[in-house]
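Just so you know, residue 1 is the first one in the sequence shown, and it goes up from there.
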Amino acid sequence: MTDALPVTLDEWESAARALLPPGVFHYIAGGAGAERTLSANDAAFDGWTIWPSMLRGSADPDPSTSVLETSFAFPVGIAPWAFQRQVHADGEPGTARAAAALGVPMCVSSTVLDGLEDVAASDATLWWQLYIWRDRDATADLLRRAEATGFRALVWTVDVPALGRRHRDTRTGFALPVGPAGTAQEFEPNLSWDDLAWVRAQAPSLPVIVKGILRRDDARAAIDHGADAIVVSNHGGRQLDRAPASLDALPGVVEAAEGRVPVLVDGGIRDGADVLIALALGASAVLVARPTAWGLAVGGQAGVESVLTFLRAGFISAMANAGCRTVGDITRDLVRPV
C-alpha cells in the first residue's frame, strides 16, 4: 500500500485504475450498453437533500443495526463481486477478514468454489450469493455446502437471465474465467417464482434474500413466495441499460413490501451521507461492491478496511449532523427531493 492513502472513493477508484490491468479495471467499473443506468445510480443521490434536525443530542450517535438477525456495526454490507483474486492476492478471504474487522456482513460471490472454506475461516458474517445453474444437482450440493460451512443467508440473484452487453469488455477483450459459475451461459435461464421454494428446500435453515428487484409487483411476488428480504438492485448497471437507478426504485419497493420484510439497496453509494439518504427512503441497510474492489486493488485486506472505515466515519458524521442518535431516528422527513 502507498504511504499516502486515497481518501474519497473517487480517489480510491483512480488509484486502483493506475494499478489494475485495463481489462480487469473496466470489467469492474463498467456497465451495460451506453452505461446510462450505471451513471443514473450515482446521479440519483444528487436528487435528494438532507434536512437536519437541531438540538437532538446526537453528537455521539450509535450507527449499529440488525437485519435478519445479522448484526451490522453500521448499515453497510459488502455486495457480491466476482473473481477477487484477479484484483489482489488477498482475494475473497482478505475481503472477508476486512468485513469481520469492521463488523459488517459480506455476501460472497458464487464464483468462489475452491476457496469457500477459506473465506468462512475469516470469522466474518457471511451470506452466499446464489445463481441457479442448469445443473440442479450441483446447485443443490453447493447450497448444502454453504449451509454446512456456516453461511447465514442465501442471496438469490435473479436479474441475470442473460449476461448484459458490456461494451468495455468487448473493447478490452476481457473474458471471464471458464467454470460452472464463471459464465451466465451456465445459469438456468427459465426460472419462476416457484423456484424459491426449491431453493429453500435445499438449505432450510437459511433465510432467502432476493436480489435484483426494481418493480413493486416483483417485490410483492417475492414476499408472497416466501422471500425473507429484498435487495433493490439493477446489478450495478451491468445488466439492462436504461433500467432505473436503484435509489429511484427503492421507495416503491419499500411501499410494496409494507414492512413485511427488510429491504436493502445497492448501487451508487459513494459516501456516508448516501447511506443516510437510502435509509431515510426506507432501506434497512445498503450493500457496496465497487468501493471494496478499489480498496482491495490498492491495499488488499487493509485497503478494504480503509474504504469501509471511510464509509462508517461519513455515516456517523451524517447521523450526528442530521440529528440522529440511532439508526431508528433516520426517518423519511429527513430527506426531500431537490
Tabulate below the donor-acceptor pairs under 3.5 Å that side-chain atoms of residues 273-282 make, not counting sequence neighbours, or state none.
from	atom 1	to	atom 2	distance (Å)
D274	OD2	R270	N	2.8
D274	OD2	D271	N	3.4

### Query
Can you list the steps and then say if R216 with E255 is a salt bridge (Lys or Arg N to Asp or Glu O under 4.0 Å)?
CA-CA 8 Å; R216 295 169 187 246; E255 182 178 326; 3.1 Å; yes

### Query
Hey, does the side chain of S39 reach the backbone of E35 with a donor-acceptor pair shorter than 3.5 angstrom?
yes

### Summary
For residues 218-230, the side-chain hydrogen bond (donor to acceptor under 3.5 Å, both in side chains) pairs (sequence neighbours left out) are R200-D228, D224-R260

### Query
Under a 4.0 Å N-O cut-off, is there an ion pair linking R97 with E305?
no

### Task
Show which residues join V67 in its hydrophobic cluster (side-chain heavy-atom contacts under 4.5 Å, direct or indirect), or state none.
L68, F72, W127, V155, I209, V231, L264, L287

### Heavy atoms of other groups near W198 CH2, more than 12 under 6.0 Å
yes

#### Entry: Sub-4.5 Å side-chain heavy-atom contact between L130 and T139
yes

### Query
Which atoms form the tightest heavy-atom contact between P63 and V327, and what is the distance?
O-CG2, 3.4 Å

#### Entry: Backbone of G237 reached by a side-chain donor or acceptor of H235 within 3.5 Å
no

### Taking every non-hydrogen atom, the tightest pair across E188 and N190
OE2-N, 3.0 Å

### Summary
When rounded to the nearest 0.5 Å, the distance separating CE of M106 from CD of E92 is 6.0 Å

### Task
For side chain to side chain contact (heavy atoms under 4.5 Å, CB included), just list the numbers for L311 and L9, CA-CA rounded to whole Å, side-chain angles, deciding distance to a tenth of an Å, and then say yes or no.
CA-CA 9 Å; L311 288 170; L9 295 188; 4.1 Å; yes

### Task
Could you pull out the closest heavy-atom pair between V298 and A15, with the gap in Å?
CG2-CB, 3.7 Å

### Message
Taking the ring of F74 and the ring of F315, is the distance between their centroids below 6.0 Å?
### Response
no

### Query
Is there a path of hydrophobic side-chain contacts, each under 4.5 Å between heavy atoms of I, L, V, M, F, W or Y residues, that connects F187 with L240?
no

### Query
V119 versus L126: any side-chain heavy-atom pair under 4.5 Å?
yes

### Task
Take the angle between the ring planes of W156 and W193 and call it parallel below 30°, perpendicular above 60°, tilted in between.
perpendicular

### Query
In the single-linkage hydrophobic clustering (I, L, V, M, F, W, Y; side-chain heavy atoms under 4.5 Å), do W294 and L38 co-cluster?
no

### Query
Can you tell me how far CG of L250 sits from OG of S233, rounded to the nearest 0.5 angstrom?
11.5 Å

### Message
Quiz question: by atom type and distance under 3.5 Å, do the side chains of Q239 and R165 form a donor-acceptor pair?
### Response
no

### Query
Side-chain contact, heavy-atom cut-off 4.5 Å: L116 with F151?
yes

#### Entry: From CA spacing to verdict: side chain to side chain contact (heavy atoms under 4.5 Å, CB included), L247, N41
CA-CA 7 Å; L247 190 74; N41 275 347; over 6 Å; no

#### Entry: Spacing of CG belonging to L142 relative to CG belonging to D137, to within rounding of 0.5 Å
12.5 Å

### Query
Would you find a donor on one side and an acceptor on the other, under 3.5 Å apart, between the side chain of T125 and the backbone of P105?
no

### Query
Which pair of non-hydrogen atoms, one from P161 and one from P189, has the smallest distance, and what is that distance?
O-CB, 4.2 Å

#### Entry: Check: S14 side chain, D10 main-chain N or O, donor-acceptor pair, under 3.5 Å
yes

### R242, CZ: over 12 other non-hydrogen atoms inside 6.0 angstrom
no

### Query
Roughly how far apart are L196 CG and L191 CG, rounded to 0.5 Å?
11.0 Å

### Message
Whether the W81 and T292 side chains hold a donor-acceptor pair (N or O, under 3.5 Å, no angle test) is what I'd like checked.
### Response
yes

### Message
Could you check whether any side-chain heavy atom of R145 comes within less than 4.5 Å of a side-chain heavy atom of W128, counting everything from C-beta outward?
### Response
no

### Message
Donor-acceptor check, side chain of T65 to backbone of P75, threshold 3.5 angstrom: yes or no?
### Response
no

#### Entry: E147 side chain reached by R152 side chain, heavy atoms, under 4.5 Å
no

Listing, residues 331-338 side-chain donor-acceptor contacts under 3.5 Å, not counting sequence neighbours, or none:
from	atom 1	to	atom 2	distance (Å)
T331	OG1	D333	OD1	2.4
R332	NH1	V335	O	2.9

### Task
Taking side-chain contact (heavy atoms from CB on, under 4.5 Å) as the test, write out the residues that go with S192, two or more places apart.
D194, D195

### Query
Out of curiosity, Q86 CD to I28 CD1, how far, rounded to the nearest 0.5 Å?
8.0 Å

### Message
Please check: side-chain N/O of R166 versus main-chain N/O of R238, any donor-acceptor pairing under 3.5 Å?
### Response
yes

### Query
Can you list every salt bridge (charged side-chain N to carboxylate O under 4.0 Å, His left out) pair that touches residues 36-64, not counting sequence neighbours?
R36-D241

### Query
Does any N or O in the side chain of E11 come within less than 3.5 Å of the main-chain N or O of T8, such that one atom is a donor and the other an acceptor?
yes

### Task
Would you tell me whether T37 and N234 have side-chain atoms, one donor and one acceptor, within less than 3.5 Å of each other?
no

### Query
Do I223 and I230 come close enough that some side-chain heavy atom pair is under 4.5 Å?
yes

### Message
Testing the basics here: between G212 and D159, what is the closest heavy-atom pair and its distance to 0.1 Å?
### Response
CA-OD2, 3.5 Å

### Query
Do you see a donor-acceptor pair shorter than 3.5 Å between the side chains of T95 and Q84?
yes

### Query
Say you draw a straight line from OG of S306 to CD of Q301; how long is it, rounded to the nearest 0.5 Å?
10.5 Å

### Message
Would a single hydrophobic cluster contain both I316 and V286, if residues Ile, Leu, Val, Met, Phe, Trp and Tyr are joined by side-chain heavy-atom contacts under 4.5 Å?
### Response
no

### Message
Is there a side-chain contact between N321 and P52 in this structure, where contact means two heavy atoms from C-beta onward sitting under 4.5 Å apart?
### Response
no

### Query
In terms of heavy-atom contacts, does CZ of R136 have more than 12 from other residues, nucleotides or ligands at under 6.0 Å?
yes

### Task
Write down the atom of V210, the atom of A227, and the distance for their closest heavy-atom approach.
CG2-CB, 3.7 Å

### Task
Determine whether Q129 and T111 make a side-chain contact, defined as any pair of heavy atoms from C-beta on separated by less than 4.5 Å.
no

